[in-house]
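Written below as structure tokens is the structure these notes are about.
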Protein chains: 2
Amino acid sequence: MAGRKKRAGNPSPGPSGGPGAPSPTLLVRGGWILSMAPGGFQGHGDILVREGRIQEIGPDLPRPPGASLLDASGAAVLPGLVQAHLHLCQTLFRGLAEEMELLPWLQTRILPLEAAHDEKSIAASARLALTELLLSGTTAVQTMETVHHTQVVLEVLEEAGVTAVTGGCLIDQGEGTPPSMILPAGRALEAQLSLAREWNGKRSGRVEAALCPRFALSCSEGLLRECAAASREKGLRLHTHAAENKEEIRKVREITGLSDIAFLDGAGILGPATSLAHCVHVSPEDRARLRDRGVHVVTCPSANLKLASGIAPAAEYLDQGINLALGADGAPCNNRLDPWRETRLLSLLQKVLAGPAALPPGKALETATLGGARALGREKEIGALEKGKRADMVVVDLEAPWLGPGGSPETRLVFAAGPAEVRHLVLGGKTVVRDGKFLLWDPAEAAARAREELKKLLSRAKLPS
Amino acid sequence: MAGRKKRAGNPSPGPSGGPGAPSPTLLVRGGWILSMAPGGFQGHGDILVREGRIQEIGPDLPRPPGASLLDASGAAVLPGLVQAHLHLCQTLFRGLAEEMELLPWLQTRILPLEAAHDEKSIAASARLALTELLLSGTTAVQTMETVHHTQVVLEVLEEAGVTAVTGGCLIDQGEGTPPSMILPAGRALEAQLSLAREWNGKRSGRVEAALCPRFALSCSEGLLRECAAASREKGLRLHTHAAENKEEIRKVREITGLSDIAFLDGAGILGPATSLAHCVHVSPEDRARLRDRGVHVVTCPSANLKLASGIAPAAEYLDQGINLALGADGAPCNNRLDPWRETRLLSLLQKVLAGPAALPPGKALETATLGGARALGREKEIGALEKGKRADMVVVDLEAPWLGPGGSPETRLVFAAGPAEVRHLVLGGKTVVRDGKFLLWDPAEAAARAREELKKLLSRAKLPS
């Protein structure tokens with residue numbers, strides 16, 4: 001590749017058509033395929049996609065008549081990246097909550113900003129997030145939204161075509177929480193169950209409502225127990241924060257007499273349908289609990305540094321057999337939603353904790369793909385490139401001057417690549433990014449709408465920018 | 001800005017002409033100027049450049065007849081970034097020395113690879129490095145090269161037009177060092193002094209030879225003393241590595257009975273002309289030594305994580321009044337030469353060591369500009385945008401969808417921006433990057449040459465790729 005790629009701003013409909021068009025046959029040709037499937041294809045080859053699913057992977061596949069073509073020469077082809085802990089509704093607050101630890105950050109900025117959302121501002125926030133997520137190679141997300149207007153986020157996720165497990169957060173108590181965000185346990189739960197009835201298994205089937213109790217300090221034990229029971233009875237995913245910050249953990253212990261992991265466990269929250277974001281400070285006893293319950297840990301390296309929380313022992317979790325996934329968390333504690341920054345940082349930070357060979361590039365990529373798919377409960381559909389799976393793929397340049405001249409594809413991807421190297425993105429067989437160009441909507445328009453909605457939101461919140 | 005920028009690969013001569021052409025008058029218009037000068041201009045404005053120097057900074061400057069124009073609307077204008085610890089000769093080895101701590105990394109990979117360099121491979125390595133450095137906004141470097149062929153690196157630096165302090169490294173002993181790299185102290189020193197005679201104050205005056213004893217383990221006390229004396233007598237900069245890795249420090253203590261900082265100090269190496277890369281593990285007593293001697297500390301956050309060395313207490317160095325600069329180190333321990341990854345990581349990591357307000361964006365940017373200029377001894381010429389200073393400037397998009405919608409320019413730059421947001425780069429009044437397009441040479445050709453030379457180098461080194 002010569003220099004950098006063209007990055008045109010105005011979307012034009014690709015040969016795959018808009019998000020509503022039927023998926024054509026597609027041949028992704030001549031890339032270095034990293035299937036990420038255990039024992040799966042790895043090497044130079046092509047991928048044939050029909051009806052949104054992978055039909056064949058291998059070298060020199062013939063191009064069926066009428067199939068559109070994506071050039072992957074000089075590039076890696078890997079499963080779309082999965083981010084298993086995000087807050088799309090917070091994208092609008094990027095850069096507005098700096099230099100604070102978790103609790104004051106939440107109480108003085110994030111919760112009041114979330115409380116000021118309306119349907120328009122939350123839609124603008126989710127669309128801005130998805131612009132960044134898709135352009136940087138993310139095709140599946142697990143997100144926690146705010147108390148109100150979650151329906152709008154589900155609609156934007158459906159429109160974008162990503163796979164998503166999401167829900168409004170559940171809060172029935174908590175110091176520093178705006179009163180409008182606190183609902184009695186029953187009402188809080190019912191709002192989310194109603195989303196699940198409306199969305200789960202409906203429409204495209206890709207967007208699913210989950211139960212997201214915010215964190216131990218904002219939920220009564222009763223609410224947590226009801227969430228756990230509803231999750232078991234109705235097969236709903238559970239997604240919460242845990243063991244992020246020392247002061248948070250101290251307060252949970254002061255109130256409950258337990259570590260927050262033990263408190264969540266006592267309320268029945270921990271199980272194989274549960275994703276716990278962060279898990280920075282976890283005792284050996286609680287680590288055994290995470291493993292025994294089959295919980296998914298979602299590590300958020302940038303956010304844990306930014307809020308001065310610490311470094312999660314991610315390599316140890318993997319060694320213990322705990323499934324590990326990755327997420328950028330919210331824009332106000334990152335300040336990007338870029339899976340490449342997180343994957344690189346995940347690997348680099350573990351080396352200081354566990355030695356220079358800890359969490360090598362292949363493992364980091366597995367965390368960012370298959371590990372995430374498992375956390376979403378969707379590993380049979382996504383997270384690896386295999387015959388029959390959904391054709392969610394990202395094609396990433398390997399030959400940009402700043403990635404080589406030598407080194408394995410995995411090393412180039414994890415330690416050197418970034419969003420600028422994402423050449424194409426395919427979502428269920430549809431090309432959504434082609435040659436770095438976003439085909440779903442106009443990124444500049446998404447940014448302009450976000451600016452407008454932020455202005456109105458800040459005036460509603462009575463907060464400075 | 002709509003979406004991402006155009007990144008065309010083929011260079012075309014810009015209106016500023018090639019590197020040899022005279023610098024025209026240039027108006028950089030309508031950006032958010034971060035001068036980085038204490039008390040300097042900060043706000044919306046223009047910068048007028050004549051004869052390669054800044055003539056005026058302020059709002060609404062008139063465009064002189066014949067002046068060329070650079071559009072900085074929606075962008076920040078800041079001094080070109082300074083990287084004060086790099087190894088350009090190692091760029092060819094990117095991705096070829098993974099998963100090792102410092103000493104085995106040096107002994108089994110880096111030193112044998114360096115020993116295999118010839119003039120062509122080292123030129124290709126330096127050109128590849130400069131392609132990445134300039135495209136990502138770096139306009140001044142302090143680098144340590146290998147024992148041989150340093151003249152070639154100086155020539156590439158002169159051709160590129162950057163400000164540079166550089167030198168071949170001095171080695172007169174050391175376990176695991178290829179014999180061809182070990183020279184008797186006198187000969188090692190003479191080779192570098194001869195470069196200084198040929199380059200310092202000559203040609204453009206921008207490229208300067210320094211004395212670079214490799215590190216305590218590869219230098220006899222005699223060689224260090226001779227370096228220190230020559231530096232004092234001839235006014236040469238000194239640049240070495242120190243206190244990077246615990247095993248390195250243990251070995252220095254075993255041999256000398258001292259910490260390596262104390263050992264370097266005893267040999268007279270520490271002073272205001274000296275830059276010490278890393279300083280990860282430094283006792284309170286040695287920190288006081290660094291401060292008292294006026295040494296410049298160059299922190300390399302990615303490299304310190306990658307080689308599992310640790311996290312340098314950078315915020316503490318700043319609090320103590322030690323000048324702090326930043327560097328990406330070599331491509332094999334990073335794997336990028338990107339100042340944005342380093343600036344972000346510098347700030348994020350310090351928050352875990354010293355709290356969420358530690359090393360805020362403004363301080364991180366100062367480290368990456370003025371701090372670096374001081375480490376090069378060039379703070380009167382570069383590192384800030386002020387009348388009379390060299391017009392080394394970078395224009396960075398602030399309105400890409402993934403940087404906003406809110407937040408200060410500093411926060412956007414440090415926590416969210418990257419090389420993809422670099423719109424223009426001006427070097428001594430010459431536009432070297434325009435709209436993301438590299439105008440000095442063809443990046444694809446630099447990459448192709450690097451691939452070719454790496455193949456030959458690996459065969460000379462008898463090492464696998």
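Every chain is numbered from 1, with letters handed out A, B, ... down the list of sequences. Side chains are part of it too, since the values below use all heavy atoms of this structure and drop only hydrogens, waters and symmetry mates.
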Rounded at 0.5 Å granularity, tell me how far CZ in B/Arg341 sits from CG in A/Leu348.
10.0 Å

Between B/Ala416 and chain A, which part of the residue has a heavy atom less than 4.5 Å away: side chain, backbone, both or neither?
both

Under 4.5 Å from any heavy atom of chain B, what part of A/Leu128 do you find: side chain, backbone, both or neither?
side chain

On a heavy-atom basis, which atom in A/Pro443 and which in B/Pro401 lie closest, and how many Å separate them?
O-CG, 3.7 Å

Against chain B, label A/Leu353 side chain, backbone, both or neither, depending on which of its atoms sit under 4.5 Å from a heavy atom there.
neither

Heavy atoms of B/Pro361 and A/Glu99 approach each other most closely as CD-OE2, 4.0 Å

Contacts of residues 301-311 of chain B with chain A (heavy atom under 4.5 Å)
B/Ser302, B/Asn304, B/Leu305, B/Lys306, B/Ala308, B/Gly310, B/Ile311

Which bit of A/Ala450 is near chain B, if near means a heavy-atom gap under 4.5 Å: side chain, backbone, both or neither?
both

Among the options B/Pro356, B/Ala448, B/Ala446, B/Ala357, pick out the one with the most heavy-atom pairs lying under 4.5 Å from chain A.
B/Pro356

With chain B, the option among A/Gly95, A/Pro405, A/Pro360, A/Ala129 that has the most non-hydrogen atom pairs under 4.5 Å is A/Pro405

Any idea which of A/Asp338, A/Val414, A/Asn334 has the most non-hydrogen atom pairs under 4.5 angstrom with chain B?
A/Asn334

Can you say whether B/Arg412 sits under 4.5 Å from chain A via the side chain, the backbone, both, or neither, judging by heavy atoms?
neither

Within 6.0 angstrom of B/Lys455 NZ, more than 12 heavy atoms from elsewhere:
no

Value for OG1 (B/Thr411) from CG (A/Leu96), rounded to nearest 0.5 Å, stands at 9.0 Å

Checking A/Thr91 against chain B: side chain, backbone, both or neither under 4.5 Å from a heavy atom?
backbone

Tell me, side chain or backbone of A/Glu101 under 4.5 Å from chain B's heavy atoms, or both, or neither?
both

Shortest non-hydrogen contact between A/Arg336 and B/Phe415, atoms and distance:
CG-O, 4.0 Å

Does any N or O in the side chain of B/Arg94 come within less than 3.5 Å of the main-chain N or O of A/Trp402, such that one atom is a donor and the other an acceptor?
yes

